[in-house]
Protein chains: 2
Amino acid sequence: MATIKEVAMTAGVSVATVSRVLNQNGYVHEDTRRKVEDAIRQLNYTPNEVARSLYKRKSKLIGLLLPDITNPYFPQLARGVEDQMQENDYRLIFGNSDESRQKEMDYIQTFIQNNVVGVISSTNDPDADIYAGLNIPVVFLDRTSNDRPSVYADGREGGRIAAREMVRRGSKQITVLQGPAHVRPAIDRFEGAVEILQELNIPYEVLLTTSFSLTEAEDWAKELFYKYPDTDGIIASNDMVASAVLQEAHRLGKRVPEDVQIIGFDDIPLSKLLAPSLSTIHQPAYEMGREAADLLIQLIEGHHVERNSIQYSVKFIERQTTRKVDHDG
Amino acid sequence: MATIKEVAMTAGVSVATVSRVLNQNGYVHEDTRRKVEDAIRQLNYTPNEVARSLYKRKSKLIGLLLPDITNPYFPQLARGVEDQMQENDYRLIFGNSDESRQKEMDYIQTFIQNNVVGVISSTNDPDADIYAGLNIPVVFLDRTSNDRPSVYADGREGGRIAAREMVRRGSKQITVLQGPAHVRPAIDRFEGAVEILQELNIPYEVLLTTSFSLTEAEDWAKELFYKYPDTDGIIASNDMVASAVLQEAHRLGKRVPEDVQIIGFDDIPLSKLLAPSLSTIHQPAYEMGREAADLLIQLIEGHHVERNSIQYSVKFIERQTTRKVDHDG
DNA sequence: TTGTAAGCGTTATCAA
DNA sequence: TTGATAACGCTTACAA
């Protein structure tokens, strides 16, 4: 790797001049500019970002912290973030937190040590000290906290919608899968669903699950039908779990949606490939990722932002795990 | 962020001494060590990795370049890489290349500018100049090149296995989905399948597809059955495409596996959730990611490595999109 | 056992 | 319009 010094040497100027043409500031004569540019090309020089970062105390690096890239919902988010960042010349340092406080703190720590200029985080505790103490902008993605910058979907409303659609389609004994109690969006969905169920006075059962992992999901699906064999409507905490439930229903010879309806959450890409395809609550994950990245960039660059908390609305995607209903139904 | 200077001040020693306790080298008196450690704790000091990186001309950063994290095969790989790196105190700068030469080069470029100490890349052209010119170790993941460090699965053998299993289970008019012609693993799989089909003298058709994207996969599925309505066995280039094919078969009222058998590739987590669940060729993605990371670390740290090219064998996962066959079949 | 100072590759200030 | 040079925060000779 050539350095600015070598460029200066071969161009026959000082490093200051090279720096000036690099950053297009200060005066530099047309002829010298050309000489410098030639040298740069000749040596195939590109500036050392580390040195820049050290001097300016800021880099072109962003920290991205997601719970688990292996959960099919997150790649969409991640990709949205990456595309937007890439287009704006920011790079991502990426980590999985597994919803663990410790890992989260470790990552935030190293983000800072690497001079990142901003952080995008899906944390369950946006009000934790680590974030409060940060003197760089943070955008919470898929999570939120009072008036801190965040991009998220209306999980509670999603839960409500799921419950309403299920009831409207005739389920009388609904089971709600609660999802991990420490994962904020899971709580919201759950509460939304229960809110409506109580309001409508529909009997329901709750099955507590503790993660979004696929292998465990299969166990819960079994447990679900074992404990509540007569349930005729299941609101899952996400599409992964819903898929596992769907499969278990198949195994038990239950017809979906005739015997039991299922509604998932997230609308991950593969949910429409299931047979029957999965009715679910859609969140615009890719867009949300992009929006979070955009918001963060605005914050970093000190632009004025009108709204720093962006809630996306969710919508019901009617597919085949729910029954048809009259349009005026 | 406190600096080493401030630590030195509050501990009443020089920065050199602080550095010594930080890096546990050189002599330092027990008492001074304690004083320094107290100061560190008190100021909540952590070293600035950027400054370290500048001085040592190497960081604790690794570049990870994947085609598209949104393709369900890659999160497994990524997670394997991340876990292994994390445990060894390396962090990841992550990018999607979309199999595009330009994006790939841009990322490699910025990796270097950020002093990464190693790169893991899923590229279609490991012999490109960018890689040859790198003076840091590179491990190719899911791709390979003659005696350059790489971790990959035996795609060709996978193709062979798929073809054999399909023929063995009675398909007589097989269609092979070729997959993107510039994506190495897709080519291997395709060639392997065709090799066996020719050897066994089984008639087959080829449908050329140009990406692994899900939306396009749906179009190809339609095209497939339109062009070759009588096909009774489909070897897909990956599980995404296989899923789309499966769904289209459903739509057309074809019974799977009775009328048409389908074999996918990769064994992504959701393939077992499909109904019928998808028979496929399994690759140990997570492990491969970990192995690639481990290999890279060995290379970075200058340890001797016995084998720098690690080929994983693949295996047929018999599920429900293929027919049963006698065990001595 | 400890401190001084040079150097890593930049940018920005100041003087020329 | 240009060039010296200090500074960014750290590590490591080298001297004390």
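In what follows, chains are A, B, ... by sequence order, proteins preceding strands, each numbered from 1.
Residues B/Val13 and B/Arg57 each lie close to DNA chain C; by heavy-atom proximity, the contact nearer the 5' end of the strand is made by B/Val13. Nearest-nucleotide positions on DNA chain D for B/Tyr55 and A/Thr32 put A/Thr32 closer to the 5' end.
For B/Thr17, taking side-chain heavy atoms from C-beta onward, the closest of the listed nucleotides C/dG3, D/dT2, D/dC10 is C/dG3. Distances were taken from every side-chain heavy atom of B/Ala16 (C-beta onward) to each of C/dT4, D/dT1, C/dT11; the shortest belongs to C/dT4. Closest to the side chain of B/Arg20, from the set D/dA4, C/dT2, D/dG9, is C/dT2. Comparing C/dT2, D/dT11, C/dG9 against the side chain of B/Ile4 picks out D/dT11 as the nearest. Side-chain atoms of A/Val15 lie closest to D/dT5 of the nucleotides D/dC8, D/dT5, C/dT2. Ranking D/dG9, C/dT2, C/dT11 by closeness to the A/Lys56 side chain, first place goes to C/dT11. The nucleotide whose nearest atom lies closest to any side-chain atom of A/Asn23 is, among C/dT11, D/dT11, C/dT1, C/dT11. Counting only heavy atoms from C-beta on, B/Ser14 has its side chain closest to C/dT4 among D/dT2, C/dT4, D/dT11.
Residue B/Arg52 places at least one side-chain N or O under 4.0 Å from the OP1 or OP2 atom of D/dT11. For D/dT11, the OP1/OP2 oxygens have no side-chain nitrogen or oxygen of B/Asn25 closer than 4.0 Å. Contact annotation: B/Ser19 reaches the phosphate of D/dT11 (side-chain N/O to OP1 or OP2, under 4.0 Å). Remark: A/Tyr27 is not in phosphate contact with D/dG3, judged by side-chain N or O atoms under 4.0 Å from OP1 or OP2. Using a 4.0 Å cut-off, no side-chain N or O of B/Asn48 falls inside it from OP1 or OP2 of D/dC8.
Using a 4.0 Å cut-off between charged nitrogen and carboxylate oxygen, A/Asp188 and A/Arg143 do not count as a salt-bridge pair. Salt bridge annotation for B/Glu30-B/Arg34: present, with a cationic side-chain nitrogen under 4.0 angstrom from a carboxylate oxygen.
Of the residues in residues 107-115 of chain B, not one comes within less than 4.0 Å of DNA chain D through any heavy atom. Taking every heavy atom of residues 33-44 of chain B and every atom of DNA chain D, no pair lies under 4.0 Å.
Judged by distance alone, the side chains of A/Asn124 and A/Glu99 do bring a donor and an acceptor atom under 3.5 Å apart. Side chains of A/Thr123 and A/Glu104: a donor-acceptor N/O pair is present below 3.5 angstrom, by distance only. No hydrogens or angles considered: nothing links the side chains of B/Asp106 and B/Thr110 as a donor-acceptor pair under 3.5 Å. No side-chain N or O of B/Gln283 forms a donor-acceptor pair with one of B/Tyr152 less than 3.5 Å apart. In this structure, a donor-acceptor pair under 3.5 Å is absent between the side chains of A/Ser59 and A/Glu49. Side-chain contact annotation: B/Asp125 with B/Tyr131, donor-acceptor N/O pair under 3.5 Å absent.
Atom CD of A/Gln24 and atom C1' of C/dA12 are 17 Å apart (whole Å). Atom-to-atom, CD of A/Glu49 to C1' of C/dG9 comes out at 11 Å; the value is rounded to the nearest Å. At whole-Å resolution of the value, NZ in B/Lys58 and C1' in C/dG9 are 18 Å apart. Taking atom CE on B/Met1 and atom P on D/dC8, their separation rounds to 15 Å, with Å as the unit. What separates CG of B/Leu54 from P of D/dC8 is a distance of 14 Å, to the nearest Å. For the pair A/Met9 CE and D/dG3 P, the interatomic distance rounds to 13 Å; values are reported in whole Å.
In this structure, the side chains of A/Lys103 and B/Gln86 come closer than 4.5 Å at one or more pairs of heavy atoms.
No donor-acceptor pair closer than 3.5 Å links the side chain of A/Asp142 to the backbone N or O of A/Ser122.
Cation-pi geometry between A/Arg91 and B/Tyr107 is met: under 6.0 angstrom from the ring centre, within 45 degrees of the axis.
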